[in-house]
Structures are given as C-alpha cells and as structure tokens.
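What follows is a short report on a single structure.
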Amino acid sequence: MQISEIVLIFAANLIAAIPLGRLMAKVFEGEKNFFDFISPVENFLFRFSGIDSKKEMSWKEFLTALMTINLIWFVYAFVMLMIQGSLPLNPDGNPSMSPDLAFNTAISFLVNCNLQHYSGETGATYFSQIFVLMFLQFVSAATGIAAFAGLLRGLKEKSGDTLGNFYNYFVKSLTRILLPLCIAVAVILALRGVPMTFEGKFSITTLEGIEQTISQGPVAAFMAIKHIGTNGGGFFGANASHPLENPDPITNAILLFSQVVIPIGCIFTMGYYLRRKKLSYVILGVMTLGMLCLLIPTVNSETGGNPMITEMGIAQPLGNMEGKEVRFGPTSSAYWSIVTTVISTGSVNSMHDSFMPLSGAMQMLGMMTNAFYGGVGVGMLNYFVFLIIAVFVSGLMIGRTPEFLGKKIEAREMKIATIVALIHPMMILTGTAVSTYIVTNFPELTWKIKPSGWLNNPGYHGFSEMLYEFTSAAANNGSGFEGLADNNFFWNYSTGIVLFLGRFIPIIGPIAIAGMLGRKIRIPESPGSLNTENATFGIMTFAVIVIIAALSFFPALALGPFAELLSIK
Amino acid sequence: MKENLYKSIRLTLALLVFLSGVYTIVILGFSKAFAPGGGSIRLLNPSGSNTGGLNIGQAFSENKYFWGRPSAVNYDASASAGSNKGPTNPEYLVVVRKRIDTFLVKNPGINRNDIPSELVTASGSGLDPHISRRAAEIQIPRVAKERNIPEKELQNLVDTNLEGPDLGIFGTERINLLKLNASLDKLPK
C-alpha cells in the first residue's frame, strides 16, 4: 500500500504550514520579516504605479481597487488570446482563440479556476502561456490572498473603518509568498527533468520506426505557480498526468505538497494574526475531517479496481487503471483527486472521468462544499461564510446573542452570508438543469458541436459530466470530466458567467461583512458569549457545511454518480 | 475609479515585466545551466540514432518488443489526452474485452487472470512510459520466442530495468518501456 506516501506528504504540509502561516501573518501586519530585503523592489512597483501603499482603505475602496485591476486583466487577457496567433513566441504556429473560447479562458484564469476548454499543445502559444496565463495564475492567487488579508484585518479591527491597503497586500503576497515558493518549486522541477525551453515541438523516430512529434515549452516555471497558486491549468492537455509536467513520483509529491501548503498555511495565519491559535486548530480539525470523509472512500474504491473489469477475469493488482499513470498508482492518484477538488486547484494527475462512480461523487462533493482548505486565501473566505452561519444558528439554539470574536453578527451580515452560501448550489443546479434540458430536448441543434455529441459517456455518467463541469466552474476549481465536449458556444459562455459569479460574490460578500464587523465595537467576552474555539463549535460548523452544501446537492448526485454506482452489479 | 484604473494599468505593466519576464528568465537561465539536458526534453541516447524521449511513451506492437499500455491518442506526444471513458460505459467495456482477447491470442499460454489491468486500459496522458513488473514478465515468453533468446536472459533484463518506488516510498515499482526495449535491441544476436 502507498498509504505511507500520502501520510508523509500531508505531514510535511502541516509542518511547513506553521512557519509559512506565521510569515504570512507578519507580512499582512507589516511586521519585520525575513523578506524585508525585497522592499526596494516593492517600493519601485508602488512608485512606478503611483500607489500609496500606506493609504488605509474602507471595504468599499478595497473592493473597488480589487475589481478594477481584475477588469484590466480580463480585457488584456481576452484581447491577447484572440490575437495570439500573430504574436511572437509561437514556434508551433498555433492559431488565435475564437471569441467564445478566449472569453472562457480569460475569465477562467482570471478567477483562479483554469477550466481550460483548449489543449495547451495546440490551443495556446508560448506567449499566451507565459505572458497571459501564467501571469494570471500569479495575480489571481495574489488577489485571493489579499482578500483574505483584508478579511483578517476587519476581524481584528477594534472599531475602525478600514481593511488596510489592497495594493500593499497584493504586491507583498506576490513578492514575499508566491514568488519565493515558486522559484524553489520550479528549480526542483527543472532539475528532475521538467522542460524549460522556448523551442517548438520536434520529431523523433520510435524504435518501431514511426515518427513521433513531441510538444515541449517553458513548463517548469508554469508548473510551479500552477500549484503554489492553486490554479491548476495544465501546460499540456493531459495536465499533470503528462510525463513532461510530472515526470516521476518525486515531482508528484512536490506538486501535491505545493498545492496544499498555502491553503493550510492560511489557517495558521488566521490564528497568528488574530492571536487566537485555538481557532486555527478548530478550523484545521473541521477541514481535515471533511477532507478525510472524502478521501477514504475514494482511495478505497480506486484501489479496489473496476468490478466490471474484474468480471472479465483479468487481474487488477494496482486497482482501477483507466486514466491513470503507472508511476503514480491509484492510491496517490486518488489522494491527488481529492486534494485538487477540495483545494480548488483543479490540476489532475489522472483522468477524473474514468474514476469509479463513488470517487466521482467524492470529487464533486469536495467542490460542492468548497470549504475544506480551499484555494489560496479564498478557501478561508468560503469557510468564513459557513462560520458566520454557524455562529448565528448556534446563537439561536442556545439563546445567546450571536457574536464572533466579540463582534455581534446581525441581520445584515447574516443576509450576505446566506446569499453567498446559496448562490453556489443555485448556479450549479440551474446550469446542470439547463444543459440537461438542451441535451434531451434539442439534441440536433445545429451548433458547432451538436448537443447530442457533447457527452462522451451514456446514461448516468453523461449526466455526471455536465454536473461536474458546472460544479467545477462554480467552485473555481478547473478540473473536469474531460470527456465533455466543452469548447463550444454554450459551454464557453455559460461556464464563463458561472466562473465570474462564483469567484467575485464569495470575495465581495465576506469582505463586506469584514468591513461591517470592523466598524462595530468589540464586546468584551463574558461567560455568556458563545465559545467559537472548542470542538463543539467545530462540529457545529461541520454540520452547517454538510446541511447547506452537501444536502443541496444530494438529489443531483443521486441522479449521477450514485445511480451509476448502484447500476454496477 | 479613474484613478484606480490608471494605477491598475501601470501596476499590471510593471508586474508583466517582473513576473512573466524576470521570473521566467531566471528559471530559464537556471535550467540552461543546471538542469539535465539544459532544459530541453531528456532523450535516450541523445547523440545516437536510436533515440526517443526518455519520459515519453512510444507505441509498441511488434512481437519482438515488450508492449505498453493502450493510448487514447496513439502515443501522439503533441496531443496528450486520456480516453475519458467512464467505468460503466458499455462501449468502453467491449473495447477492453477485445484488448484482452487480442492479448491472449498473441501471447499463447498465458492465463487470463495473469493479465494486469494496466495492459488493457488507457493511461491518463496517453503517453505513459511505464508498465509494471508483472506486465513485463507475462510478455517474456513471446519476446523470447520471437528473438530466440532464453527466457532467463530476458528475466534478467526485466530485473535490471526495474525502478521505484522512489526513495522506497514514493510511487510504484515500474519499468521504463523504452529503456527496456532499447536494451533488447542491444543484446548480442
């Protein structure tokens, strides 16, 4: 069994997350830290852009700054992708993207999702990979971390109006957190044989005398931020199952480590920043419990193999191997598939479409809850929404004023939290319902790809492909049941819109709440206040997550993966 | 708003130079200097004719070579992809059944339950360069007969090409198929 491999990687993550969490807290607070030597570069960036990084922002100013710069990136990416074919750094002569594909791709990388309705080898030029997609991978991750910093500031504020400076958090997340980690990861990947070159594809003759064309490119630099920033968009079509993105089990372990390190680090950051370490432990406990509930069934069903193949009388010593690579094996692939779905990375080292039905359900649940660890920064924002609801519900249950960290949670905050929590299932279920309606009622529409040709698998599994796609878009995950023919008008625009809302509503909501809480006067804690730092409250939060997120989706899951599971004899 | 727009554009330009430019050049320079192959793809016999990407699987179908896994893209290394077939898809199951039958015909004397599933299922990338020890060993009789080599010699070759788990923990025990087949060709006739 490869269980020890998983345990080792996860333990390394926990150990590394503690110093990283402390560093991030220091960066947010502006305390002295190891990376102070880099401040001349930061100051240059601020001066060049005419930014006063010390200016305090209200939550509205904070969000305006965040949304404006995101708008600029969207326009830039959208235009560049549509003209990439005539830009330099295109040795393979790849074409420009169609408007609908460019729209989807630009939004998808802007929102840290990387849904990818194209294949890297033929759909993107080296210019786009480095100057558009990798750029967005950096800045979208930093946007998430900056929003998280703003949230923390609001929670800490005694009774003030401000959340700090967005640009300050944003730039420092890049220079002091993302970039150093990326350089370390990229260097190791390069040493282990991940290519880093601007040469185009080349041909070799195989032992059997067939010509084989091999795509390459500046992969190592791209792979690092792809995982450190929980982006997940692959350089190649096959993502991290491709032997050039992820050549061996060591690189596999490093990539697994890199996508988890900041999300878990953020939990500790919260504890250090708010001087409430116990709160961190409770959150870490709830999230880890959630992750394990999804992981164990997945490992179990993947290593058990496909019963339909067992029936044919052959051996499955490794397990279910369709869509998996021999070098990683099913245990490590199962772990990756759960990590990448709870954390919203969305990179894959095996094809989720070919996982067993139960595993597919667990992967989807990871994205449907979207609160166990979660993407860099934004994972904590999502969890915060559930936390607010749990505080409110607990308050009602025991007849005390709902308070979090000495701040009263009132109707306005609660309304925002509820809207954010409910918009997620609404988008997924509506989207899936519409697409299912089109497939069943208008299969012969004369679109580029007829709806009857969308699905790569019949029956329940085909339904799961559509459900997975909208879930992935709403959770800003980016993985897919890739059998779905998604590069066409309907899927590019519908998921594009879901991606946008699924990113910015869960940022705007919590930041607004943080701003409102910041302004409130802190009530000293008394024996009468609700304790949010013990196991009981942890279980309460877990229950809220299960009830809101998981139960909204149960009927849909029953029609897809669970029906498929029951159809196996 | 207008002021934000101006700041955002300037900051974006500066970061494009800093992230996409400087960071990329640093990693590129490091690779050129220190990475195996200077940042290009690692090749088997880089100077020889008998070449191939060390990590890139190749299609093998001749009896004199060990065979690898089925590939959804027929080992096209410029269009990587998996089959994305669901585990209960009836058409997919028919394909797997056919692969098993073909394998049994071409490898007489093999028991059905000796075939490990990775030999009849497609990999995620379509470029999987590896097979397991078991997948290699059940092909020894066929290759030995075709090449007129004692089976024991092939068993030795399989054993010397075994790699992993890396550091004793990471990944699976496996064989790089291209290395194995290239070393077959080097055996004295």
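Numbered from 1 within each chain, the chains take letters A, B, ... in sequence-line order.
Of the atoms belonging to A/Thr175, it is side-chain heavy atoms, and not backbone ones, that fall under 4.5 Å from chain B. In this structure, the portion of A/Phe328 lying under 4.5 Å from any heavy atom of chain B is its backbone and not its side chain. Contact of A/Ile183 with chain B is made through backbone and side chain together, with heavy-atom distances under 4.5 Å. Neither the backbone nor the side chain of A/Phe44 comes within contact range of chain B; no heavy atoms are under 4.5 Å apart. Using a 4.5 Å cut-off between heavy atoms, A/Ile72 contacts chain B through its side chain alone, with no backbone atom that close. Interface remark: B/Leu167 contributes side-chain atoms only to the contact with chain A (heavy atom separation under 4.5 Å). Residue contact with chain B, scored on non-hydrogen atoms closer than 4.5 Å, involves the backbone and the side chain of A/His242 alike. If you measure heavy-atom distances from B/Leu19 to chain A, the contacts under 4.5 Å come from both the backbone and the side chain. For A/Lys324, the part lying under 4.5 angstrom from a heavy atom of chain B is the backbone only. Within the 4.5 angstrom heavy-atom criterion, no atom of A/Val132 approaches chain B. With a threshold of 4.5 angstrom between heavy atoms, A/Ile568 approaches chain B through side-chain atoms but not through N, CA, C or O. Looking at A/Phe170, the atoms closer than 4.5 Å to chain B (heavy atoms on both sides) all sit in the side chain, from C-beta outward. Heavy atoms closer than 4.5 Å to chain B are found in both the backbone and the side chain of A/Pro357. Heavy atoms closer than 4.5 Å to chain B are found in both the backbone and the side chain of A/Thr213. Proximity to chain B is absent for every atom of A/Val219, based on heavy atoms less than 4.5 angstrom apart. For B/Ala122, the parts lying under 4.5 angstrom from a heavy atom of chain A are both the backbone and the side chain. Using a 4.5 Å cut-off between heavy atoms, A/Asn456 touches chain B through backbone and side chain atoms alike.
Counting only distance, with no hydrogens or angles, the side chain of B/Asn113 and the backbone of A/Ala315 share no donor-acceptor pair below 3.5 Å. Side chain of B/Ser20 to backbone of A/Ile130: a donor-acceptor contact under 3.5 angstrom is found. Distance alone, capped at 3.5 Å, places no donor-acceptor pair between the B/Arg42 side chain and the A/Val194 backbone. Here the side chain of A/Gln212 pairs no donor or acceptor atom with the backbone of B/Gln58 at under 3.5 angstrom. Put simply, the side chain of A/Glu121 gets close to the backbone of B/Ser80: a donor and an acceptor are under 3.5 Å apart. Side-chain atoms of A/Glu322 never come within 3.5 Å of backbone atoms of B/Lys85 as a donor-acceptor pair (strictly under, hydrogens ignored). With A/Asn457 contributing its side chain and B/Gly86 its backbone, the two residues share a donor-acceptor pair below 3.5 Å. Judged by distance alone, the side chain of B/Ser8 and the main-chain N or O of A/Thr68 form no donor-acceptor pair under 3.5 Å. Looking only at distances, no side-chain donor or acceptor of B/Ser123 sits under 3.5 Å from a matching main-chain atom of A/Gly323.
No other option in A/Glu245, A/Glu482, A/Met356, A/His352 has as many heavy-atom pairs under 4.5 Å with chain B as A/Glu482. Contact tally against chain B (heavy-atom pairs below 4.5 Å) for A/Glu311, A/Glu199, A/Gln216: the top residue is A/Gln216. Interface check for chain B: of the options A/Glu465, A/Lys201, A/Glu208, A/His461, the most heavy-atom pairs under 4.5 Å are formed by A/Glu208. When the candidates A/Leu174, A/Asp92, A/Thr122 are compared by the number of heavy-atom contacts under 4.5 Å with chain B, A/Leu174 comes out ahead.
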Problem set entry | Worked check of side chain to side chain contact (heavy atoms under 4.5 Å, CB included) between A/Ile314 and B/Asp114 | CA-CA 7 Å; A/Ile314 62 167; B/Asp114 284 334; over 6 Å; no

Exercise. Between B/Asp128 and A/Arg327, does a side chain to side chain contact (heavy atoms under 4.5 Å, CB included) hold up when you go through it step by step?
Worked result: CA-CA 8 Å; B/Asp128 195 340; A/Arg327 61 193 181 282; 4.0 Å; yes

For this session: Give the C-alpha distance, both sets of side-chain angles, the deciding distance and a yes or no for side chain to side chain contact (heavy atoms under 4.5 Å, CB included) between B/Asn4 and A/Tyr167.
Result: CA-CA 10 Å; B/Asn4 270 322; A/Tyr167 300 113; 2.8 Å; yes

For this session: Show your working on side chain to side chain donor-acceptor pair (under 3.5 Å) between A/Glu564 and B/Thr88 and close with a plain yes or no.
Result: CA-CA 8 Å; A/Glu564 190 185 4; B/Thr88 60; 2.7 Å; yes

For this session: Evaluate the side chain to side chain contact (heavy atoms under 4.5 Å, CB included) criterion for residues B/Thr24 and A/Phe131: first the C-alpha distance (whole Å), next the side-chain angles of each, then the deciding distance (0.1 Å), finally the verdict.
Result: CA-CA 10 Å; B/Thr24 309; A/Phe131 284 90; over 6 Å; no

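Nearest approach of A/Val139 to B/Leu15, heavy atoms of both residues: CG1-CD1, 4.3 Å. Scanning all heavy atoms of the two residues, the minimum distance from B/Asn55 to A/Pro243 falls at O-CB, 3.0 Å.
Exactly one of A/Leu8, A/Asp248, A/Asn252 qualifies for a side chain to side chain contact (heavy atoms under 4.5 Å, CB included) with B/Phe170. That residue is A/Leu8.
Put simply, the side chain of B/Arg174 reaches to within 4.5 Å of the side chain of A/Pro249, judged on heavy atoms.
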